[in-house]
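A quick write-up on the structure given underneath.
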Amino acid sequence: MRFWLLKSEPDVFGFADLVRVGREPWNGVRNYQARNFLREMREGDLCLFYHSNARPAGVAGVARVCRAAYADDLQFKPDSKYFDPKSSVDAPRWSMVDVEPLIAFPQVVSLDALRGMAEWEASALTRRGSRLSVLPVEPEAFWATLDAAGLSLDEVAGLS
DNA sequence: GCCAACGTTGGC
DNA sequence: GCCAACGTTGGC
């Protein structure tokens, strides 16, 4: 199993929204590096759900990949802001996965807190100016984040 | 293939 | 709201 981080603006779609809907296609990713990571995801992989443009910015919970990458439907919809006229059904340019909520953190583990953890030092997330919205997370960083959220690691391991 | 201009992201 | 950082576009 691999670990990932997904960014979302809570004003648009936060972890509470994921809990409300139960399952969500992670569409609208229009960056090649992020897309490539989406395509590496497998069902059962765990994702830290990161709130960007929030106060504080940080990880709000854990989601699970419940469907591996498939074509992002919005790229074919002319009315969508994510429409891509250069993409085709035969060779879709953009992909999405489906995710479902697993654990809501009692409180957000802030970006500030992550920056204070040695496990996050090498990550693109904590690098200044990083805008990547889908990125891999080292297992150590994943578990350190859950620990910082006050969650029992054994309990979480049992869930996943 | 270079690079300036532009639009977007996202912390603050 | 500001603005630094970054990715993309398009003229040449």
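Chain letters run A, B, ... following the sequence lines, proteins first, then strands; residues in each count from 1.
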**OP:** Could you tell me the separation between the CG atom of A/D84 and the P atom of C/dT8, rounded to a whole number of Å?
**Re:** 12 Å
Original post:
Are A/F3 and A/W143 close enough that their ring centers fall under 6.0 Å?
Top reply: yes
Original post:
Just how far, in rounded Å, is P of C/dG7 from CG of A/L135?
Top reply: 13 Å
Original post:
B/dC12, C/dA5, B/dG10: which one has an atom nearest the side-chain heavy atoms of A/R115?
Top reply: B/dC12
Original post:
Nearest to the side chain of A/Y32, which nucleotide is it out of C/dA5, C/dT8, B/dG11?
Top reply: C/dT8
Original post:
With respect to the side chain of A/R128, which nucleotide from B/dG11, C/dA5, B/dC12 is positioned closest?
Top reply: C/dA5
Original post:
Does A/K7 make a side-chain N or O approach to OP1 or OP2 of B/dT9 shorter than 4.0 Å?
Top reply: no
Original post:
How close or far is atom P of B/dC12 from atom CD of A/E9, stated in whole angstroms?
Top reply: 15 Å
Subject >> Most 5' of A/N31 and A/N53 on DNA chain C, judged by nearest nucleotide >> reply: A/N53
**OP:** Provide, to the nearest angstrom, the distance between the CG atom belonging to A/D112 and the C1' atom belonging to B/dG11.
**Re:** 11 Å
**OP:** Please state how far atom CZ in A/R55 lies from atom C1' in C/dC2, giving the value in whole angstrom units.
**Re:** 13 Å
Run the side-chain donor-acceptor check on residues 115-125 of chain A: report pairs under 3.5 Å with partners two or more places apart or on a different chain.
{"residue": "A/R115", "atom": "NE", "partner": "A/T126", "partner atom": "O", "Å": "3.4"}
{"residue": "A/W120", "atom": "NE1", "partner": "A/A141", "partner atom": "O", "Å": "3.4"}
{"residue": "A/W120", "atom": "NE1", "partner": "A/T145", "partner atom": "OG1", "Å": "2.8"}
{"residue": "A/S123", "atom": "OG", "partner": "A/L125", "partner atom": "N", "Å": "3.0"}

**OP:** Rounded off to whole Å, could you give me the OH-to-C1' distance for the A/Y82 and B/dT9 pair?
**Re:** 12 Å
Original post:
In whole angstroms, how far is the C1' atom of C/dT8 from the CZ atom of A/R35?
Top reply: 15 Å
Subject >> Distance, rounded to the nearest Å, where A/L6 contributes CG and B/dT9 contributes P >> reply: 16 Å
**OP:** Ignoring backbone atoms, establish whether A/Y50 has a side-chain N or O less than 4.0 Å from OP1 or OP2 of B/dG11.
**Re:** yes
**OP:** Report yes or no: is the cationic atom of A/R39 (NZ for Lys, CZ for Arg) closer than 6.0 Å to the six-membered ring centre of A/F37, at no more than 45° off its axis?
**Re:** no
**OP:** Can you spot which of A/R23, A/R67, A/R64 makes a side chain to side chain donor-acceptor pair (under 3.5 Å) with A/D98?
**Re:** A/R23
**OP:** Establish, yes or no, whether a centroid distance under 6.0 Å links the rings of A/F49 and A/W4.
**Re:** no
